[in-house]
Amino acid sequence: MIEEEGPIQPSPQQHGHDRELLLYDFFKHLTSLVLLTLGGVLVVAQQADPADVKPAVVIAVLVIISASGICAFGGSSEIVKARYTNVPSRSLEFYRKAAPTLLALGVGVFLAIFVDSLD
């Protein structure tokens, strides 16, 4: 007869590995989302009336969203570097917070100028 055992508890070392894998997947997902968002902004910006939407504002939106992608890609790169060299990354927490914040800011500004151009 097989005895029922409690749930298997991951070792602390494995727990850290799971966190890194989760964060790595988050950064990959965010990088893909940024690329799709940039494509969407470019398509919609081409269809907008130049009198309603200022090119400088669209460029600012593209820069903000691109910065989000750079942070997401940099974060995944930091995870790889930290695992390869066995030296913990000091900037990973910054990338984890900055990437989604910049994406949200860029999309918010874009939606604001888009809604404003509907008037």
Is there a side-chain contact between [X] and [Y], using heavy atoms and a 4.5 Å cut-off?
X	Y	answer
Phe73	Val34	no
Val107	Leu103	yes
Leu23	Phe26	yes

Between [atom1] of [X] and [atom2] of [Y], what distance do you get to the nearest 0.5 Å?
X	Y	atom1	atom2	value
Phe114	Gln47	CZ	CD	10.5 Å
Arg19	Leu21	CZ	CG	12.0 Å
Glu20	Leu92	CD	CG	8.0 Å
Leu33	Leu38	CG	CG	10.0 Å

Pairwise salt bridge (charged side-chain N to carboxylate O under 4.0 Å, His left out) hits with a residue in [range], at least two apart:
range	answer
residues 67-82	Glu78-Lys81
residues 56-65	none
residues 27-48	Asp25-Lys28

Inset, instruction - Just grab all the side chain to side chain donor-acceptor pair (under 3.5 Å) pairs involving residues 93-104, residues at least two apart or on different chains. - result: Glu93-Arg96

Hey, can you pull the donor-acceptor pairs under 3.5 Å for the side chains in residues 57-72, sequence neighbours left out?
unit_1	atom_1	unit_2	atom_2	d
Ser66	OG	Leu62	O	2.7
Ser68	OG	Ala99	O	2.6

Inset, instruction - Under 4.5 Å between side-chain heavy atoms, chaining through other members, with only Ile, Leu, Val, Met, Phe, Trp and Tyr counted: pull out the rest of the cluster around Tyr84, sorted by chain and number. - result: none

Inset, instruction - Find out if a path of hydrophobic residues (ILVMFWY) with successive side-chain heavy-atom gaps under 4.5 Å connects Leu105 to Leu35. - result: no

Inset, instruction - Output all residues satisfying side-chain contact (heavy atoms from CB on, under 4.5 Å) with Val80, sequence neighbours left out; order by chain, then residue number. - result: Tyr24

